[in-house]
Protein chains: 2
Amino acid sequence: MGHNIDVVKKKLYDKDYKLTPQRRVILGVFAKNPDKHLSAEEVWGIVKGTNPEIGLATVYRTLDLFAELDILQKMDFGDGRGRYEFYESEVHNHHHLICLKCGYVSEFEDDLLETLESEIEKKNRFQVVDHQLKFYGYCEKCRQGTR
Amino acid sequence: MGHNIDVVKKKLYDKDYKLTPQRRVILGVFAKNPDKHLSAEEVWGIVKGTNPEIGLATVYRTLDLFAELDILQKMDFGDGRGRYEFYESEVHNHHHLICLKCGYVSEFEDDLLETLESEIEKKNRFQVVDHQLKFYGYCEKCRQGTR
DNA sequence: GTATCTGCAAACTCTTTGCAAAAAC
DNA sequence: GTTTTTGCAAAGAGTTTGCAGATAC
């Protein structure tokens, strides 16, 4: 997996950051919600259940830090807020399906884009380091009118 | 092409919207900047050259309206502001290369994703209506240190 | 003429920042 | 002890909204 507590600790300590209780709690939120794409406000909402003293600014700062250290990956689904999930080095082959009705985000795997990247590097003289692929449409529940 | 003035007029009038001078001017900005991906503030900056009386709120409202009518397409490159370009029905096969250093956005064409979409519909029971593909990396100028 | 549209300023949402107190090592 | 981190409140960026006056048809 790559995102257990010791790996996180190492990533932090390597750059002289500390593993504070707040950071531990925020990390726990993602561990307990592995398939969600949480915004700062959502993380804060969950955190406040057990730790009401933690401030929203701390959540923002922690998410920023974790993204910088490749512990989390920041994403943008065009709804005006940043969203986060555990960083996966295989994120290249992990894309998002975004429901236009209920906003639910699911994932799917594919490695089709590898070939496309090398083509771009040649044709467009552009060095690709990452990509993002999103599909917009309607999830099963919304198509059935259940959501 | 599909985005000449008469087509725009029809799209507006069909829904009882008017083609006001302000809307005409904003449309003109896109006509004169066909390969750019302008933000509201950027459009306003250009508009103010000839029409300093036009307010930023009008620009926002017009861009919103044009996006709703498929005259423009709203995009999000993750820099915290909406960006717009002429809507193309072939937008499906038109993707973006975003330079991580200078922010320059270029485009490239590809229709590889058609097959992927039908695969998703089957595998994930998700009805795809649109997609967005972005590649992040370094443009030629930034790789040479010219930018 | 009347419904739509505009410009302005104020409000709103999400995010960042300054600062003094608290905590980590 | 010193440096990092936190919580709070205030500031910031981008966008939206309410409203009275102006404009398109």
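In what follows, every chain begins at residue 1, and chains take the letters A, B, ... in the order their sequences are listed.
Comparing A:Asp79 and B:Lys18 by the nucleotide of DNA chain C whose heavy atom lies nearest to each, the residue mapping closer to the 5' end is B:Lys18. Annotation: of the two residues near DNA chain D, B:Lys9 and A:Leu65, the 5′-most nearest-nucleotide partner is A:Leu65. For B:Gln22 and B:Arg81, each mapped to the nucleotide of DNA chain D holding its nearest heavy atom, the one lying further toward the 5' end belongs to B:Arg81.
Side-chain N/O atoms of B:Arg23 include none lying less than 4.0 angstrom from OP1 or OP2 on D:dA24. For A:Thr20, a side-chain nitrogen or oxygen approaches OP1 or OP2 of D:dT6 to under 4.0 Å. Within the structure, every side-chain polar atom (N or O) of B:Tyr13 is placed at least 4.0 Å from both OP1 and OP2 of D:dA24. Taking only side-chain nitrogens and oxygens, B:Thr58 never comes nearer than 4.0 Å to OP1 or OP2 of C:dT6.
Distances were taken from every side-chain heavy atom of A:Tyr60 (C-beta onward) to each of C:dC14, C:dA24, C:dG7; the shortest belongs to C:dC14. Comparing D:dT17, C:dT16, D:dG14 by their closest approach to the side chain of A:Asp64 singles out C:dT16. Distances were taken from every side-chain heavy atom of B:Ile54 (C-beta onward) to each of C:dC5, C:dG7, D:dG7; the shortest belongs to C:dG7.
The base of D:dG18 lies close enough to the side chain of B:Arg61 for a donor and an acceptor atom to sit less than 3.5 Å apart.
No side-chain heavy atom of A:Arg61 sits less than 4.5 Å from a side-chain heavy atom of A:Asp64.
There is no side-chain donor-acceptor pair under 3.5 Å between A:His95 and A:Gln132.
Counting to the nearest Å, the P atom of C:dA24 and the CG atom of A:Leu19 are 11 Å from each other. Rounded to an integer number of Å, the gap from A:Lys15 NZ to C:dC25 C1' is 20 Å.
Contact check on A:Lys48 versus A:Glu53 returns no salt bridge, with no Lys/Arg side-chain nitrogen under 4.0 Å from an Asp/Glu carboxylate oxygen. Taking 4.0 Å as the cut-off between side-chain N and carboxylate O, A:Arg83 and A:Glu42 count as a salt-bridged pair.
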